[in-house]
Structures are given as C-alpha cells and as structure tokens.
Amino acid sequence: MKKEIKELTSRDVDYSQWYNDLVIKADLAENSAVRGCMVIKPYGYAIWEKMQAELDRMFKETGHVNAYFPLFIPKSFLSKEAEHVEGFAKECAVVTHHRLKQDPDGLGLIVDPEAKLEEELIVRPTSETIIWNTYRNWIQSYRDLPILINQWANVVRWEMRTRLFLRTAEFLWQEGHTAHATEKEAIEEAEKMLHVYADFAENFMAVPVLRGLKSASERFAGAIETYCIEALMQDGKALQAGTSHFLGQNFAKAFDVTFVNKENQQEHVWATSWGVSTRLMGALIMTHSDDNGLVLPPNLAPYQVVIVPIYRNEEQFRAVSEKVNEIVTKLRALGISVKYDDNDQKKPGWKFAEYELKGVPVRLAIGARDLENGTVEVARRDTLTKEIVSMEGIEEYIQNLLKEIQANIFQKALDYRASMTREVDSYDEFKVEIEKGGFLLCHWDGTPETEEKIKEETKATIRCIPLNGDKTPGVCMVTGKPSAQRVVFARAY
RNA sequence: CGGGGUGUAGCGCAGUCCGGUUAGCGCACCUGCUUUGGGAGCAGGUGGUCGUGAGUUCGAAUCCCACCACCCCGACCA
C-alpha cells in the first residue's frame, strides 16, 4: 500500500534526509534567519502544547508548582560550581552591552562602546545557578522544605551543528528544581521524576524507553547521579529523551544554601533537577513515522480524526455536510478532536495525501454512496488500511479505534526495540554488532578508561546502566575484569 | 576551525566548461471552463538586483579577484 509522497526521501535511502524532509513537509518546523535556531510552526507547536499540557498535569499531580526565573545569569554565578562551569562554559551566549547607537561613520547601528555591562550576563543554558542563588533567600529551616518548583522556559546552548528539534541553539523545555532536607528524599524525588518521564513517554507518546543511570562521563555537569530515559530510533541509534539529576549538596555548597534541622544544626540543602525538551518531538517523529509521513499517537495528534467529504455538486455537498456535522457532534461529545475539511479548493485525493503526511490517526471519507448505504470509509494511519463501517455507532467505533492505534504503535515500537536489543559478550563481536545499530547489553568493568576506549574505537557510548535489567555479574568484554551487571551500549544522537 | 559543495522567481533546478537575441523549465500562485471515492485537465497569465562588491570586455548568470551566506563531512553536545 506504499505510495510516493512528493519529495519525501525514503528511510532506506537516507534516514537523516527523511527526517529533515518530514519535519519540513509535515509543517512542524523550519530553519530561521538565525543560525541554529528554528521556527516551530503551528502544527508542530500544537503537538508540543499537548506534551506540555500532559507533563504539566503530571508535575502538579506529584506536588510541583510552576514559577519563572530570569533568562540572564550573571557570569559569576555560573563559575561557582566547578564541574558545572566546565560543562557549559564552551557553549554560552554572552551579553556584554545594553545599548546600540547610530554608526557615526555611516548607516546602520553599532554597539555603543559606552554601554558596556559591568558584569557580563550569560543567556541561561540551564538555570541551576540563578535558582540556587534565589533559594538561599527562601530557605532557613527544615520547615521551608521541600521546595518543588518547575519552570517552562527557553534555554540557549551554542551548538556547532544543529538539527531541527534534535539539537538547536535555542530550545524549549521544562526544568524542575527541587530542594530537600535529606539525601534520601532528594534521591527519591529524582527517581520519581524519572518514572514520570518514562510513564509519559510510554503511555502518552507511545515511545518505549529504558530507565537507567548514566555513567560518570555521561553525567550532567554538577550532578552526583544522572537518571535517564533512553529511546531507540528506527535507524538503530539511541536518543536520550529525558534526564533527572540527583545533585547532592553541590549547588547548596556553591551558593551557601543551608537550613536548620530539627536538632537545631545547620545543614546544606539537598537538590535535584530534571528536564525534557522539544527534543521529544524528534523522538516522537523518529519512533513512529514512515515513508508516507508522520505517524502520530492519538494522544498527541492536534486532531485525532479528519473528515473528508466527497461530492459532485452543491446538493451532495450539503447532504454530506449535514451527516458529517452529526458525526462531529457525537465525536466531540466523547472528547475526540475532529477536523472537518470542507475546503472546496482541494480535491479529496490531495487531502488524503496531506493528512497522511501530517500523521492524523484516523481519516473518514463520506460521499453520496455512503449516505445511501449508511456507511463511512474509515482509514487508519498506522496501518494504512481502509474499511467501510456502518454509520450506526461510529463514534464508539472510533473511540475504540483510537485506543487501538495508540496501543498498536507502542507495541510496534516495543517489538522493534526488542528485535534490535541483544547481549554481546566479546569485544570482537561487539565491533561487528554495533554496525547494525540497536542496544547492545554488555559487561563493562565500570571504568571511564574502558568506556572511552570503546567510544573512540566504535563511536558507541554507554546509554545507561539499566535500573531494572538483568543484574547477573560477569566479566568486562574489553578487559576481562569483573562487572556487576550488563550495561546498554549504542550509537547515539 | 579544517575538508568538500552550493548560491539563478516562493520552492526545486537547467543554463556557467566554450561570454553574444527578450535568462529558461517543473511545482506553486492568479483568471476562466471542465472536474471532485488517492496529490485533476486544458487554455491564458503574474512573478528575476542571476549571493555581494570590484574588474576584464563592444558585450558577463557565464571569465578573473575579493567578500558574504548556506549545506554536507569532522572536532563539541540535551
């Protein structure tokens, strides 16, 4: 049932070109006049808004509240936590002046040299520093804890090479920043949010993820422990889809944030931070979509159902529209989002192709023939199949179909991941297998040196040390030294 | 920052090697008629500082020089 979509590169020909084409053709985003920064178009933004709405609901359900901290961070703040600076210093945008003026030698504007800032400002690459500097003033006693705050924001990381959604200089995200009285509570928070992310990815986005810990070299700059969810894309490469960090007392110490405990002793506060970004859009696209275009899970589709009328004349159009309006009302009553495309400027064939490209989960076509027979044509995007269904009870039928599609695309992704995941015990075999992509479960001696050697020789990295994987010990595939459990290797985005 | 490539209509390209009418094609767009169950057909039409600047020449999209922008590959990364 494959059909050529205009100018959409096939995945087999060039996977990354397919991705680029799809983002553009499906109207999700485009490159902007600013190098490395994207414009997120309405259709793409609608998907992001659905992600936001659900995540926001989940954060609030777990006791978090939203707040907003500044875009700019004084340079001195960033340098207070040693590892943190090192991690981010190389990719910061810096504000040095606060005024422009007319160029005295010609037309146009120049930076006014008189307007140099006393202290330069960094455009936030992440907000730990400004937030912990603020928390110092908010926390005195254990009674002030915990603080469970999230913010929805944009951040800037000056990347050399960018790709729409996957890596852009500016991106949208949420960052949670929590403060706790005990180490145990902070670790529990970091783990809790990891599970929120995993739950969201799997049950809402239909993207299966591994839950795990990062190795030391992949850890967030300034964290004691980084938890992550890792997804597998259709080209066999891994994508980090979300991270949650246990920050220990590192930022509390750097910003002198202490509290008085019940025993009247001063202690440093324990911290976490956690985030997911518009990168999730990339994960969504590369997990489900095919050579005909985007495939969206019903939970994230800007509209779940599109209805295309088929008619030869004004009279037929009116008759079809009347029936369609009845269906629309019934579907909306069930909370299903529907678009009735009654645009007369485009032909049905064009609409079919267009909505396929945009990944609308269910498409209905209704014409004179259907009115006569009391039927409707139902096409599902995930399987590209069509069937004629009775108009009677169509709304329940579609409600069930949407659930089925949501479950089906998750299962499909899960099966793919299972087929691409295997245990490898020798380094020679590893070098062969890594070329085929996928997750390789291997024993590793736990040292950064071995990890680095593998990365240099094969471009594969440890994606995570799985939380609920096989805990059987073994020996490192490279050095033969003891290994506590298998870890997950892959080439990654 | 290294290596490669590309700049011609909104988009995709031809023309450049070998200088010479009015710079061309497809898509899109506009008008009209016929169409409408998988990206409609025909007819007519609109739209160009040929990336920028300076040169060679009677004459430059085409040749020379400089610059700029973007893309791909590497080093960096959620």
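Letters A, B, ... mirror the listed sequences (proteins, then strands); counts begin at 1.
With salt bridges taken as basic N to acidic carboxylate O contacts below 4.0 Å, none links A:Asp21 and A:Arg11.
Between A:Gly87 and A:Tyr311, the residue anchored closer to the 5' end of RNA chain B is A:Tyr311, taking for each the nucleotide with the nearest heavy atom.
Using bins of under 30°, 30° to 60° and over 60° for the plane-to-plane angle, the ring pair A:Phe200/A:Phe204 lands in the parallel bin.
The base of B:G37 does not come close enough to the side chain of A:Lys351 for any donor and acceptor atom to sit less than 3.5 Å apart.
The aromatic ring centres of A:Trp132 and A:His84 sit 6.0 Å or more apart.
Comparing the C1' positions of B:U22 and B:G15 gives a spacing of 16 Å, expressed to the nearest Å. Between the P atoms of B:C72 and B:U31, the separation comes to 38 Å (whole Å). Across the C1' atoms, B:U49 and B:G2 are found 34 Å apart, a figure rounded to whole Å. Taking the C1' atoms as reference points, B:G5 lies 42 Å from B:A43, given to the whole Å. Atom C1' of B:C29 sits at a distance of 41 Å from the matching atom of B:A78, rounded to the whole Å.
Of all nucleotides listed (B:A78, B:G39, B:G37), B:G39 comes nearest to the side chain of A:Leu357.
Residue A:Glu356 forms a salt bridge (Lys or Arg N to Asp or Glu O under 4.0 Å) with just one option from A:Arg363, A:Lys25, A:Arg380, A:Lys386, and that option is A:Arg363.
For A:Leu164 and B:C70, the CG to P distance is 15 Å, given to the nearest whole Å.
Between A:Arg312 and B:U36, a side-chain N or O to OP1/OP2 separation shorter than 4.0 Å is present.
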